Amino acid sequence: MKVLVGSENSVKIQSVKEGFLTFFEHIEVEGISVDTGVPYQPVNDETFEGAKYRAENVKRINDQQNLGATFFVGIEGGVLQLLDRWFSVNVVYILDQQNQDSFATTGLYELPGALSKDLLIEKDLGHAMEEFANDNYAARERGTVAFLTGGKIDRFQNQVQGITLALIPFVNDNLYFPSS
């Protein structure tokens with residue numbers, strides 16, 4: 001089974017492969033750089049829109065170039081404001097060849113006030129985290145979650161969970177897509 005990811009980010013590609021291996025065998029995953037259609041730092045609904053846009057764009061490329069993929073995945077990292085607090089989240093959107101789709105998120109966790117103030121003045125989470133942690137690697141590779149958990153959970157693990165959860169409708173299609 002071939003899966004296309006709307007990103008060339010190696011962590012996203014590997015997390016998609018690992019998540020799909022939870023339910024399927026013989027997975028080939030390829031990343032393709034696509035436009036997200038949202039600002040560099042998505043906020044609230046923009047995060048969901050960005051994930052969906054990524055998957056739809058990669059499906060469009062698949063259809064135009066006849067790449068033979070079965071599933072199309074978009075992952076968008078963003079921030080949500082709930083109850084006057086800021087939270088980090090990755091949204092996963094999965095689309096298949098029949099245009100059946102699903103959303104899920106990774107673990108949602110509250111950001112420290114020092115980071116939240118930076119977000120409020122239009123600085124994206126990655127750059128705010130680099131300054132906060134004084135570590136460029138933390139934001140890019142391991143992720144904010146790894147810094148805040150002392151390495152107990154990293155970006156990869158967090159995204160695998162989101163991918164796995166987004167696959168629930170596809171492995172329970174009779175519950176989610178009864179006419180398929």
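This structure is a prediction, so every number in the text was calculated from the model and none was measured.
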Check your understanding: In terms of hydrophobic clusters joined by side-chain contacts under 4.5 Å, are Ile27 and Leu4 together?
Key -> no
Review point. Going hydrophobic residue to hydrophobic residue with side-chain gaps under 4.5 angstrom, can you get from Val5 over to Ile32?
Key: no
Practice item. Calculate, to the nearest 0.5 Å, the distance between atoms CG and CG belonging to Asp45 and Leu80 respectively. Key: 8.5 Å
Practice item. Identify the two heavy atoms, one from Gly77 and one from Thr47, that lie closest to each other, and give their separation to 0.1 Å. Key: C-CG2, 3.9 Å
Review point. With no hydrogens and no angle check, is any side-chain donor or acceptor of Gln161 less than 3.5 Å from a backbone partner on Asn158?
Key: no
Review point. Considering residues at least two apart in sequence or located in another chain, which fulfil the salt bridge (charged side-chain N to carboxylate O under 4.0 Å, His left out) criterion with Arg85?
Key: Glu110
Point to revise | side-chain contact (heavy atoms from CB on, under 4.5 Å) assessment of Asn9 paired with Arg155 | key: CA-CA 12 Å; Asn9 179 289; Arg155 182 178 177 204; 3.3 Å; yes
Practice item. Could you point out which residue of Phe177, Phe72, Phe23, Tyr176 forms a ring pair (Phe, Tyr, Trp, His ring centres under 6.0 Å) with Phe170? Key: Phe177
Exercise for review: Using modelled atom types only, decide if a donor and an acceptor are shared between the side chain of Glu46 and the backbone of Val43 within a distance under 3.5 Å.
Suggested key: yes
Check your understanding: Is there a side-chain contact between Pro169 and Ile94, using heavy atoms and a 4.5 Å cut-off?
Key -> no
Check your understanding: Hey, are the side chains of Val92 and Val73 touching, using non-hydrogen atoms and a 4.5 Å cut-off?
Key -> yes
Check your understanding: Out of curiosity, Ser102 OG to Asp173 CG, how far, rounded to the nearest 0.5 Å?
Key -> 12.0 Å
Check your understanding: Is the backbone of Val16 close enough, under 3.5 Å, to the side chain of Gln159 for a donor and an acceptor to pair up by distance?
Key -> no
Under 3.5 Å, which donor-acceptor pairs link side chains of residues 48-60 to any protein atom two or more places apart or in another chain?
{"residue": "Arg54", "atom": "NE", "partner": "Ile75", "partner atom": "O", "Å": "3.2"}
{"residue": "Arg54", "atom": "NE", "partner": "Glu76", "partner atom": "OE1", "Å": "2.6"}
{"residue": "Arg54", "atom": "NH1", "partner": "Gly6", "partner atom": "O", "Å": "2.7"}
{"residue": "Arg54", "atom": "NH2", "partner": "Glu76", "partner atom": "OE1", "Å": "3.4"}
{"residue": "Asn57", "atom": "OD1", "partner": "Arg60", "partner atom": "NH2", "Å": "2.6"}
{"residue": "Asn57", "atom": "ND2", "partner": "Asp35", "partner atom": "O", "Å": "3.0"}
{"residue": "Lys59", "atom": "NZ", "partner": "Asp63", "partner atom": "OD2", "Å": "3.0"}

Review point. What's the shortest heavy-atom distance between Lys12 and Ser7, and which atoms?
Key: CD-OG, 3.6 Å
Practice item. Determine whether Val34 and Val11 fall in the same hydrophobic cluster, where Ile, Leu, Val, Met, Phe, Trp and Tyr are linked whenever their side-chain heavy atoms lie under 4.5 Å apart. Key: no
Review point. Taking the side chain as C-beta and beyond, is there a heavy-atom pair between Lys2 and Leu67 under 4.5 Å?
Key: yes
Check your understanding: Can Val79 and Leu111 be said to form a side-chain contact (heavy atoms from CB on, under 4.5 Å), step by step?
Key -> CA-CA 9 Å; Val79 293; Leu111 295 168; 4.0 Å; yes
Review point. Would Val3 end up clustered with Ile61 when hydrophobic side chains under 4.5 Å apart are linked, directly or stepwise?
Key: no
Check your understanding: Taking the side chain from Asn44 and the backbone from Gln81, do they hold a donor-acceptor pair closer than 3.5 Å?
Key -> yes
Practice item. Tell me, yes or no, whether the heavy-atom count around Glu25 atom CD, taken from other residues, nucleotides or ligands under 6.0 Å, exceeds 12. Key: no
Review point. So, for Ala104 and Gly162, which heavy atoms are closest and what is the spacing to 0.1 Å?
Key: CB-O, 3.6 Å
Review point. Are the ring centres of Phe71 and Phe20 closer than 6.0 Å?
Key: yes
Check your understanding: Could you walk me through whether Phe24 and Leu167 pass the side-chain contact (heavy atoms from CB on, under 4.5 Å) check?
Key -> CA-CA 10 Å; Phe24 305 103; Leu167 284 168; 4.2 Å; yes
Exercise for review: State, yes or no, whether a side-chain contact exists between Thr106 and Val89 at a heavy-atom distance under 4.5 Å.
Suggested key: yes
